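First, the structure itself, so that you have it in front of you.
Every value quoted in this text rests on a predicted model; they were computed, and no experiment measured them. Values below: all heavy atoms of this structure, side chains included; hydrogens, waters and symmetry mates excluded.
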Amino acid sequence: KPAKRLSSDSNSVEGATAGELSALEEAFRKFAVHGDTRATGKEMHGKNWSKLCKDCHVIDGKNVTTTDVDIVFSKIKGKSVRTINFEQFKEALQELSKKRFKGKSDEEALQEIYKLIEGKGPGLTGVTKTVASPTVSRLTDTSKFTGSHKERFDASGKGKGRAGREDLVDNSGYVSGYKHAGTYDHKVQGNK
């Protein structure tokens, strides 16, 4: 896998500006690690690239569409790799900025597109919200539970945890339901 090594060696170029993490690079890192626990933040997958473009309104539906974003990503990334690094990310933005801000000079367009992205993080759009439908509320209303399920909740409807789910074995040696459990020693000592 020597191709992988090449992409991370470009850090020497970034080394000049690595003193302060630019707002753009910070946004890049936030999106790069989004939804991937193993991600280092140095490389970004296509999925997160298109999420960044959607969330930061780079995709406007007229000049830039999701297809444009995907094409630019495929063009910029290496043949055998599935990610882009920060340098390639800036290249990709340059490509898109020409489309997104047509009337402006390349430099202006690039600044505009940076402004859209700087300091942003992945928005939680499309995250499933819990729906309060009557069906669901009926299913989760513990006061209406019957049989063994009723035993799993106390009067306030709070779950009892393991005690409500499992028959916990009483190893005290007394028959279950025996009211004078634990009184044997007192009786014996009282008779001496």
Side-chain angles (χ1 to χ4, degrees), residues 1-140:
K1 286 188 168 186
K4 206 61 162 170
R5 181 66 20 239
L6 289 172
S7 66
S8 57
D9 279 347
S10 65
N11 291 353
S12 55
V13 182
E14 292 171 35
T17 55
E20 76 288 344
L21 202 63
S22 68
L24 185 71
E25 194 168 350
E26 204 174 307
F28 171 80
R29 295 226 165 143
K30 278 182 190 160
F31 278 97
V33 298
H34 177 73
D36 186 356
T37 48
R38 294 186 312 271
T40 56
K42 288 192 174 15
E43 285 160 351
M44 185 182 284
H45 283 280
K47 195 172 105 202
N48 289 6
W49 159 249
S50 54
K51 182 171 175 52
L52 180 144
C53 292
K54 274 193 201 92
D55 288 5
C56 299
H57 307 294
V58 174
I59 295 172
D60 60 359
K62 295 193 301 286
N63 303 330
V64 179
T65 63
T66 43
T67 315
D68 295 326
V69 167
D70 294 342
I71 290 169
V72 167
F73 184 81
S74 306
K75 200 163 96 180
I76 299 277
K77 76 176 179 56
K79 284 265 181 290
S80 58
V81 254
R82 293 179 36 216
T83 56
I84 54 171
N85 61 22
F86 187 61
E87 289 304 309
Q88 292 167 312
F89 168 70
K90 290 202 289 202
E91 265 176 67
L93 286 179
Q94 203 157 4
E95 288 278 318
L96 286 176
S97 65
K98 291 175 199 154
K99 280 193 146 131
R100 180 75 165 78
F101 302 99
K102 278 198 173 108
K104 296 193 157 72
S105 70
D106 289 1
E107 192 50 46
E108 269 185 322
L110 198 58
Q111 290 311 315
E112 288 292 325
I113 211 159
Y114 283 180
K115 272 187 205 141
L116 288 175
I117 295 163
E118 284 173 352
K120 291 253 178 36
L124 296 176
T125 50
V127 173
T128 314
K129 305 249 187 320
T130 50
V131 181
S133 75
T135 317
V136 175
S137 61
R138 254 198 331 275
L139 291 172
T140 54

Interatomic spacing from CD in Glu118 to OG in Ser22 - rounded to 0.5 Å:
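Atom-to-atom, Glu118:CD and Ser22:OG are 7.0 Å apart.
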Of the non-hydrogen atoms in Met44 and Leu52, which two are nearest, and what is the gap between them?
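Heavy atoms of Met44 and Leu52 come nearest at CE-CD1, 3.9 Å.
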Apply side chain to side chain contact (heavy atoms under 4.5 Å, CB included) to the pair Gln94 and Ile113, showing each step before the final yes or no.
CA-CA 8 Å; Gln94 203 157 4; Ile113 211 159; over 6 Å; no
Nearest 0.5 Å, please: how far is CD in Glu91 from CD1 in Ile84?
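Ile84 CD1 to Glu91 CD: 9.0 Å, rounded to 0.5 Å.
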Can you name the nearest heavy-atom pair linking Ala92 to Ile76, along with the distance?
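Minimum heavy-atom separation between Ala92 and Ile76: N-CD1, 3.7 Å.
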Smallest separation among heavy atoms of Gly121 and Lys30, with atom names
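Scanning both residues completely, I find the closest heavy atoms to be CA-CD, 3.8 Å.
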Close side-chain approach of Thr83 to Lys77, heavy-atom, < 4.5 Å
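With C-beta onward as the side chain, the pair stays apart.
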A side-chain contact here means heavy atoms from C-beta on lying under 4.5 Å apart; do Ser50 and Asp70 qualify?
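The answer is yes; the side chains approach within 4.5 Å.
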So do the side chains of Leu96 and Cys53 get within less than 4.5 Å of each other, counting heavy atoms only?
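They are in contact (side-chain heavy atoms under 4.5 Å apart), so the answer is yes.
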What heavy-atom pair brings Phe31 and Asn48 nearest, and what distance separates the two atoms?
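Scanning both residues completely, I find the closest heavy atoms to be O-ND2, 2.7 Å.
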Run the side chain to side chain donor-acceptor pair (under 3.5 Å) test against Glu95 and tell me which residues pass, sequence neighbours left out.
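So Glu95 forms a side chain to side chain donor-acceptor pair (under 3.5 Å) with Lys75.
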Nearest-0.5 Å distance that lies between atom CD in Glu108 and atom CD in Glu112:
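Between atom CD of Glu108 and atom CD of Glu112 there are 7.0 Å.
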Would you call the rings of Phe28 and Phe89 parallel, tilted or perpendicular, taking 30° and 60° as the class edges?
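Rings of Phe28 and Phe89: tilted, 30 to 60°.
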Using every non-hydrogen atom in the two residues, find where Lys104 and Ala109 come nearest and quote the distance to one decimal.
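Of all heavy-atom pairs spanning Lys104 and Ala109, the closest is CB-N, 4.1 Å.
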Rounded to the nearest 0.5 Å, what's the gap from NZ on Lys102 to OG on Ser97? Could you check?
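These two atoms lie 12.0 Å from each other.
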Looking at NZ of Lys120 and NZ of Lys115, how far apart are the two atoms once the value is rounded to the nearest 0.5 Å?
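It is 12.0 Å, given to the nearest 0.5 Å.
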Residue pair Asp68 / Thr65, side-chain donor-acceptor N/O under 3.5 Å
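Yes, because at least one side-chain N or O of Asp68 sits under 3.5 Å from a partner of the opposite role on Thr65.
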Interatomic distance, Lys90 atom NZ to Tyr114 atom OH [nearest 0.5 angstrom]:
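So the gap between those two atoms works out to 5.5 Å.
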State, to 0.1 Å, how close Asp60 and Asn63 come at their nearest heavy-atom pair, and which atoms those are.
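Closest heavy-atom pair between Asp60 and Asn63: OD1-N, 3.0 Å.
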Might you confirm whether atom NZ of Lys99 has over 12 heavy atoms from other residues, nucleotides or ligands at distances under 6.0 Å?
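Counting neighbours around NZ of Lys99, 12 or fewer heavy atoms of other residues, nucleotides or ligands fall under 6.0 Å, so no.
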Is there side-chain contact between Leu116 and Arg100, with heavy atoms separated by less than 4.5 Å?
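They are in contact (side-chain heavy atoms under 4.5 Å apart), so the answer is yes.
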Gln88 side chain vs Asn85 backbone, donor-acceptor pair below 3.5 Å
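Flag set: sc Gln88 to bb Asn85 pair under 3.5 Å.
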